[in-house]
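All ligand and atom numbering here is 1-based and tracks the order in the structure.
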Amino acid sequence: MSFQVFGIAVSRGVAIGRAVLVASSRVDVAHYFVAPDQIAPEIARLLRGRDAVVLELETLRDELPVDAPHELAALLDVHLMLLHDEALTGSASQWIVDRHYNAEWALSAQLEVLARQFDEMEDAYLRERKADLEQVVERVLRALAHALGDTPTPVTPRDFGGEDPLLLVAADIAPADMIQFKRSVFRGFITDIGGKTSHTAIVARSLDIPAVVGTREASRLIRQDDWVIIDGDAGTVIVNPSPIVLEEYRFRQRQSELERARLGRLRHTPAVTLDGEHIELHANIEMPADAEAAVAAGATGVGLFRSEFLFMNRDGDLPSEDEQFVVYKAAVEAMKGMPVTIRTVDIGADKPLDRLSVSELRHEHVLNPAMGLRAIRWSLAEPSMFRQQLRAIYRASAFGKVRLLVPMVAHLSEVKQIIETIRKVQQQLTDAGHAFSHVELGVMIEIPAAAVMLPLLLRHLDFVSIGTNDLIQYTLAIDRADEAVAHLYDPWHPAVLQLINGAISESRAAGKGVSVCGEMAGDPDFTDLLLAMGLRSFSMHPSQIPAVKQRVLRADTQRLAAALPRVLESEDPQSAASKEFATARGGAAAVH
Ligand code: PEP
Ligand code: MG
């Protein structure tokens, strides 16, 4: 039966493929394909994992003390029975044969299928056996992980004659897990939780594949292996579409690929407006490897390197100075002399150090993480960690143009502490004989307090970067990761526009650099507005650069600026902008 699920559009385009349901807690299970000649060995590996757990449980049962409760032996029997059930390992083996999934993936895919069947059972006792099944699978996954040196080499679908594209469906994906999907087999994402600028959505966008978040119940309604269309423009998911709908979406998919190819040709065109203003289009990256995509997309620098992804998934251990230095240097060298803006760690809110999903954070961890010990607050609370990161960043400056950006600043005292720490760090580096060059200092303007008191902060800074994602969140008191209030997250809110406009004009008046690196910068619907406000430096995901550049090439900044007051004074800035800026663009013929 065909049906639709509605969510929030976070990453554009159309994806058509089969649903792969992954429990949030198992998103980090390895997902890869095995070569045809590895299918039999992979099934054998799965069965070895199963047998190891059987042995473990049999030993446990045999060694139960005589006075152990009777239920314990019965429970172990149930677990052993589940392990021997063909519906688990037999069907998991079939996933390996049919789909070339690796053993862990096959097992978790089958778990999702069986879990649904348990959920639908009338008998409460049987329904509760789902928890046993989950425990058993968890044990087998652990056994597989411990049998090191045993895993096959991953291959791509092309290596075995093509496969249906796969779309990931999960209740929630933590940003730390999302980052691991960068080179994954999935061609689209659907989650129950999340808002447009939640970090999971941001990483999905950086992957440049269609995604819909905040669907509330997609992971409950969609079944393993269902055919699914993700309409990343509308925020809609169509499950088991009819042939006519499928054909329509295949057509749209081809159109959007053609449009991408057309925009891609703008890669080497300089971003200059019709009235001759040069616009910097920089890239937001999460890993040095992303710098390659940035250069390929025509970025003229990195405007935001979110260094926190380096700190995640490490079981409490933090990256050392040397480890960080190697990573920053790699990004700097990859950008070949173009500036690289490294942001100090922004841990906290929906980006915890460990692998917690947003829902876990919300309900179990911290009362209000977005307002807690996040970003610079955390760095200043951990001075030796902060100095370590600053030393690594400064050392990387010996290899290219590095700029230092600090997130979540709200107090002048924080800026003063940062400057004081930088002095110490420079002295330490000099004493240790490490080379470094001049590093410009900037802060993110993402708390309304910083935007309001900007002239005072600017005296101590070289540049600022406006983080519209958080600025909107804090100005409107809307948790950006919470789909329940997503409808109130409004970048066109007059208060937000006034803060952004004020920050741009005050920075320019003070002769200091200003850029926008929040999601607004990469959305072509805001390009005219930001140009009208006087912005000349934008930072976004590499994939967004061509569409924004097209807007820039068609813009006349003087005419846009003249229309700006009517937009800012309007009670409905969004409609006013579409009318006023269209008129301002007026005679300007399309250049491409
Ligand atoms: C922002 O807040 O706009 C921003 C760019 O930082 P992040 O999305 O990482 O919080
Ligand atoms: Mg931010």
Side-chain angles (χ1 to χ4, degrees), residues 10-11 174-176 178-179 194-207 213 281-287 290 294 301-312 341-353 358 361 369-379 403-410 414 442-451 463-482 486 489-491 493 496-497 499-500 503-504 514-523 526 530 535 537-542 544 548:
V10 296
S11 190
M178 199 72 185
I179 200 93
K196 199 174 175 73
T197 61
S198 62
H199 283 93
T200 298
I202 288 177
V203 180
R205 218 167 292 139
S206 78
L207 300 174
V213 302
L281 299 182
H282 285 176
N284 291 355
I285 66 170
E286 276 96 34
M287 297 281 166
D290 303 338
V302 168
L304 173 65
F305 179 172
R306 288 185 165 98
S307 69
E308 51 273 14
F309 286 94
L310 249 171
F311 286 64
M312 293 177 179
T341 311
I342 304 176
R343 182 173 75 177
T344 58
V345 65
D346 184 2
I347 283 295
D350 64 335
K351 287 179 290 192
L353 272 179
V358 172
L361 265 174
M371 294 199 181
L373 195 66
R374 180 186 164 186
I376 185 60
R377 301 169 181 186
W378 188 63
S379 296
R403 308 190 327 153
L404 176 67
L405 181 61
V406 184
M408 286 279 289
V409 164
E414 289 165 339
V443 302
M444 301 274 298
I445 302 301
E446 50 186 353
I447 297 183
F463 71 97
V464 291
S465 190
I466 306 173
T468 49
N469 307 336
D470 278 316
L471 189 60
I472 298 167
Q473 150 163 278
Y474 295 123
T475 304
L476 303 180
I478 300 299
D479 186 334
R480 59 194 264 196
D482 187 349
Y489 187 95
D490 179 14
H493 192 291
V496 171
L497 299 187
L499 287 175
I500 298 173
I504 295 171
V514 54
S515 70
V516 171
C517 64
E519 296 301 300
M520 264 171 106
D523 185 341
F526 292 97
L530 294 170
L535 191 76
S537 174
F538 296 62
S539 192
M540 65 202 81
H541 300 293
Q544 295 168 321
V548 171

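Side-chain atoms of Arg205 come within 3.5 Å of backbone atoms of Lys196 as a donor-acceptor pair (strictly under, hydrogens ignored).
Within the sub-2.8 Å shell of the Mg ion (ligand 2), the protein contributes these N/O/S atoms: Glu446 OE1, Asp470 OD2.
Within 4.0 Å of ligand 1, the residues that place a heavy atom are His199, Ile202, Leu304, Arg306, Arg343, Asp346, Lys351, Arg374, Met444, Glu446, Gly467, Thr468, Asn469, Asp470, Arg480, Cys517, Gly518, listed by chain and number.
Side chains of Val443 and Val464 form a contact here, defined as non-hydrogen atoms less than 4.5 Å apart. In this structure, the side chains of Asp482 and Tyr489 stay at 4.5 Å or more apart for every pair of heavy atoms. For the pair Gln473/Glu446, no side-chain contact is recorded, criterion being any heavy-atom separation below 4.5 Å from C-beta on. Residues Met444 and Arg343 are in side-chain contact: their nearest non-hydrogen atoms beyond the backbone lie under 4.5 Å apart. Side-chain contact between Phe526 and Thr468 is absent, with no heavy-atom pair separated by less than 4.5 Å. Side chains of Thr344 and Leu404 form a contact here, defined as non-hydrogen atoms less than 4.5 Å apart. A heavy-atom distance below 4.5 Å is found between the side chains of Asn284 and Cys517.
Taking a cutoff of 4.0 Å between a charged side-chain nitrogen and a carboxylate oxygen, Arg374 and Asp470 qualify as a salt bridge.
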